[in-house]
Amino acid sequence: MRKKEKKHNFFNDVYEVVRLIPKGRATSYGAIAAYLGTKMSARMVGWAMNAAHSDKTIPAHRVVNRNGLLTGRFHFKTPKTMQQKLEKEGIRVKKDQIVNFKEVFWDPFQSLG
DNA sequence: GGTCTGACCGGCG
DNA sequence: ACGCCGGCCAGAC
C-alpha cells in the first residue's frame with residue numbers, strides 16, 4: 001500500500017474547475033460545489049480558495065458567493081484587489097457586488113457538462 | 001486529540 | 001423581508 005494515497009481530492013477538483021472559468025466571467029462557490037456533487041459543501045470551496053491562495057494560477061477572484069458579492073475580497077492582497085481584477089476583465093462591480101451577475105455567471109454544468 | 005471556525009447555502013419562523 | 005440555525009469538511013490551536 002502506498003503511504004500517501006490521495007482519495008478524491010476535493011480541493012484539487014475545485015482548483016481545476018476554477019481554472020476553467022473564462023475571463024470576464026464569474027461563478028459561485030455553491031455552483032462549483034454542486035458541480036462536484038457536494039453542493040452542501042459550498043463552504044469547503046471557499047476554504048479551498050483560501051488554500052489556493054498560494055497557487056497563483058487559480059483565478060480566485062472569479063469566484064463569488066451566490067449574490068455575486070465579493071465576500072472573499074479581504075483575503076486578497078488588498079480588499080480592492082479582487083474588484084480591480086474583475087473590472088480589468090470587463091466585469092462591472094458596484095459596492096463589492098457584481099453588476100448583472102446573472103449574465104456574468106458561468107455555470108459549470110452548462111459549460112463542462 | 002477534542003473543539004472551534006470558516007471566502008457558503010438553503011430552509012424556517 | 002429579515003434574521004437565525006444546521007450541515008458539510010479541513011485546518012489551526
Side-chain angles (χ1 to χ4, degrees):
Chain A
M1 297 289 274
R2 283 173 270 293
K3 294 196 203 167
K4 302 238 168 186
E5 185 73 38
K6 293 185 190 168
K7 334 180 171 175
H8 290 68
N9 215 342
F10 183 78
F11 280 33
N12 199 40
D13 288 341
V14 171
Y15 300 154
E16 291 201 16
V17 175
V18 174
R19 268 192 262 250
L20 294 174
I21 303 174
K23 180 183 170 191
R25 292 291 169 124
T27 191
S28 70
Y29 304 97
I32 295 172
Y35 177 72
L36 296 179
T38 57
K39 63 178 180 186
M40 275 187 262
S41 305
R43 289 178 121 200
M44 295 303 95
V45 178
W47 198 248
M49 292 295 98
N50 190 25
H53 198 270
S54 58
D55 193 333
K56 295 184 293 190
T57 65
I58 301 173
H61 62 279
R62 295 186 190 143
V63 184
V64 296
N65 75 347
R66 71 179 188 274
N67 299 315
L69 202 63
L70 280 53
T71 51
R73 69 197 157 186
F74 293 113
H75 291 263
F76 285 80
K77 197 170 182 183
T78 76
K80 293 183 183 175
T81 308
M82 191 172 186
Q83 177 171 343
Q84 288 174 347
K85 283 180 180 246
L86 289 172
E87 289 179 335
K88 202 170 174 182
E89 298 183 355
I91 298 177
R92 281 170 296 164
V93 178
K94 194 159 204 166
K95 292 189 198 131
D96 302 321
Q97 185 169 14
I98 294 179
V99 181
N100 287 337
F101 183 54
K102 194 175 64 178
E103 295 179 5
V104 178
F105 182 70
W106 178 79
D107 188 358
F109 286 104
Q110 208 168 14
S111 302
L112 304 180

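Lettering of chains follows the sequences in order, A, B, ..., and the numbering in each one begins at 1.
Contact between A:F76 and A:M82 at its shortest, heavy atoms only, is CE1-SD, 3.6 Å.
Residues from residues 35-44 of chain A with heavy atoms under 4.0 angstrom of DNA chain B, sorted by number: A:A42, A:R43, A:M44.
Side-chain contact between A:V64 and A:L69: absent, with no pair of heavy atoms (C-beta onward) separated by less than 4.5 Å. Using a 4.5 Å cut-off on side-chain heavy atoms (C-beta onward), A:W106 and A:I32 make no contact. Taking the side chain as every heavy atom from C-beta outward, A:Y35 and A:D13 never approach each other to under 4.5 Å. Contact annotation: the side chain of A:P108 approaches that of A:T27 to within less than 4.5 Å [non-hydrogen atoms, C-beta and beyond].
Atom pair A:M49:CE and B:dA7:C1' shows a separation of 9 Å (rounding to whole Å applied). As rounded to whole Å, 17 Å separates atom C1' of C:dA10 from atom OH of A:Y29. Distance A:F11 CZ to C:dC8 P: 16 Å, rounded to the nearest Å. Between the NZ atom of A:K80 and the C1' atom of B:dA7 there is a distance of 20 Å, rounded to whole Å. Between A:W47 atom CH2 and B:dC9 atom C1' the separation is 18 Å, expressed in whole Å. Atom CG of A:N12 is separated from atom P of C:dA10 by 13 Å (rounded to the nearest Å). In this structure, A:H75 places its NE2 atom 15 Å from P of B:dT5, rounding to the nearest Å. Distance CZ (A:R73) to P (B:dC8): 11 Å, rounded to an integer number of Å.
Within 4.0 Å (heavy atoms only), A:N50 reaches at least one base atom of the nucleic acid. Within 4.0 Å of A:A51, counting heavy atoms only, lies no atom of the nucleic acid at all.
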Take A:V14 and A:M49 through the test side-chain contact (heavy atoms from CB on, under 4.5 Å) and record every step on the way to the result.
CA-CA 8 Å; A:V14 171; A:M49 292 295 98; 3.6 Å; yes

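The separation of B:dC4 from C:dC5, taken at their P atoms, amounts to 16 Å, rounded to a whole angstrom.
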Bracket string, DNA chain B, 5' to 3' - pairs by Watson-Crick or G-U geometry under 3.5 Å, | interstrand:
.|||||.||||||

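Looking only at distances, a side-chain donor or acceptor of A:E89 sits under 3.5 Å from a matching main-chain atom of A:G24.
Partners of A:R73 under the side-chain hydrogen bond (donor to acceptor under 3.5 Å, both in side chains) rule, at least two apart in sequence or in another chain, are A:D96.
Among A:E87, A:K85, A:K80, the single residue meeting the side-chain hydrogen bond (donor to acceptor under 3.5 Å, both in side chains) criterion with A:Q83 is A:E87.
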